Number of protein chains: 2
Amino acid sequence: MQETDIIDLMMHHGVKPTANRILIANAFVKEHRPLSMSEIEVQLESVDKSVISRTLSLFRERHLVHILPDGGDGVRYELCHRCSDDHDDDAHIHFYCSRCGKTFCLEDIPIPEVTLPQGYQEESVNYMVTGLCPDCR
Amino acid sequence: MQETDIIDLMMHHGVKPTANRILIANAFVKEHRPLSMSEIEVQLESVDKSVISRTLSLFRERHLVHILPDGGDGVRYELCHRCSDDHDDDAHIHFYCSRCGKTFCLEDIPIPEVTLPQGYQEESVNYMVTGLCPDCR
DNA sequence: ACCCTCATGCAACTCAGTTGCAAAAGTGTT
DNA sequence: AACACTTTTGCAACTGAGTTGCATGAGGGT
């Protein structure tokens, strides 16, 4: 994905593409995996954490990213290419490496579906495998 | 599960069953679902949060509970009946209600397995469905 | 009763994340 | 270009969950 594409994506979601926002969105493209706020903070020293916090909230509100539970604690943010304005979906499984703490998208592996008991109404599904990633084995 | 069983379980895992610890373990039995630290704090006003924190760490260390990512943020602790001393497993799916914030065990639904790409080494799996629980629909 | 170890309760601390606010950067109008 | 207006930014202060330090207290063994 090019920088121009990111700007298009932002505009399309009603987000004004400021310099900081482009940096943050680029971080997702570059790493190609879900990032935590602190990971972004480390990667973009020049950007204040308050800006990161507010930007991620805005991105989320406008469905540019969605959140998923971190393998450890806290949450991670994932850029969604296929999210429409009112619906987040991009249902692949994730892998959390317990050594390096990174979360990877296994985009080729769709989440196997299950049938819920009567009364439960599904909104979204998260399938997370924890273990060692190729680099940490 | 009876209180005597809980005490047995603790002893079996090398945890001295003090009054506070029994209260905390009982909370899990009573609710029959994974609890967050703050949920326990609310339920057991008489027990200091430092005690809860240290107790949960101890329980975890001794494999009496294991953690799972909260549907929201943070983590929840789940009493494991079938965990041996060196291995936590109890692989059923969980349901997180986005309205009431509770997490439920769907014990009858095993987690469907997937084949990971070369190089990834699995340690544990978490399958979490988010949506509305029967009470909140 | 004594000693020793472990558990407890309170207060102080830590750290991630959020919020308040004034300065700065954009945007549009005349 | 100057103006008024809106949005974003950067800093500092705040917040709240969770943890840690430490003195007291309870339990267990001799």
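Numbers restart at 1 for each chain; the letters A, B, ... are given by sequence-line order, proteins then strands. Worth saying up front: this structure is predicted, and the values here are computed from it rather than measured.
- Partners of A:D8 according to the side-chain contact (heavy atoms from CB on, under 4.5 Å) rule, which considers only residues two or more places apart in sequence or in another chain, do not exist here.
- Where B:S53 and A:L58 each meet DNA chain D at their nearest nucleotide, the meeting point lying more 5' is that of A:L58.
- Atoms CD (B:E39) and P (D:dG16) sit 19 Å apart, rounded to a whole Å.
- What separates CE of B:M10 from P of C:dC6 is a distance of 18 Å, to the nearest Å.
- When rounded to the nearest whole Å, the span between CZ of A:R62 and P of D:dT7 equals 11 Å.
- Spacing between atom CD1 of A:I52 and atom C1' of D:dG10 amounts to 12 Å, rounded to whole angstrom units.
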Atom pairs, N/O to N/O, protein against nucleotides 23-26 of chain C, distance under 3.5 Å?
none

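- Rounded to whole angstrom, the span from the CZ atom of B:R60 across to the C1' atom of D:dG18 amounts to 13 Å.
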Pull out every protein N or O sitting under 3.5 Å from an N or O of nucleotides 8-13 of chain C, one pair per line with the distance.
unit_1 : atom_1 : unit_2 : atom_2 : d
C:dT8  : OP1    : B:T18  : OG1    : 2.9
C:dT8  : OP1    : B:N20  : ND2    : 3.2
C:dG9  : OP2    : B:N20  : ND2    : 3.1
C:dG9  : O6     : B:R54  : NH2    : 2.5
C:dC10 : N4     : B:S50  : OG     : 3.2

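- A straight line from CD of A:E61 to P of D:dT7 spans 13 Å, rounded to a whole angstrom.
- Remark: A:Y127 pairs with B:Y127 by the ring pair (Phe, Tyr, Trp, His ring centres under 6.0 Å) rule, at least two apart or across chains.
- Look at CG on A:D73: it is 11 Å from C1' on D:dA17, rounded to the nearest Å.
- Annotation: side-chain hydrogen bond (donor to acceptor under 3.5 Å, both in side chains) contacts involving residues 16-28 of chain B, sequence neighbours excluded, comprise B:E3-B:N26.
- Listed by chain and residue number, A:R137 satisfy the side-chain hydrogen bond (donor to acceptor under 3.5 Å, both in side chains) test with B:Q121 (two or more places apart in sequence, or in another chain).
- For the pair B:M11 CE and D:dG28 C1', the interatomic distance rounds to 13 Å; values are reported in whole Å.
- Listed by first and then second residue, the salt bridge (charged side-chain N to carboxylate O under 4.0 Å, His left out) pairs involving residues 66-76 of chain A are A:E39-A:R76, A:D70-A:R76 (not counting sequence neighbours).
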List the steps, then state whether side-chain hydrogen bond (donor to acceptor under 3.5 Å, both in side chains) holds for B:H32 with B:E107.
-> CA-CA 11 Å; B:H32 201 67; B:E107 305 195 28; 3.0 Å; yes
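- Shown here are the ring pair (Phe, Tyr, Trp, His ring centres under 6.0 Å) partners of B:F104, two or more places apart in sequence or in another chain: there are none.
- When hydrophobic residues (I, L, V, M, F, W, Y) are linked wherever their side-chain heavy atoms come within less than 4.5 Å, the members clustered with B:M128 are B:L68, B:Y96.
- In this structure, B:I7 and B:M11 have side chains that are in contact, with non-hydrogen atoms separated by less than 4.5 Å.
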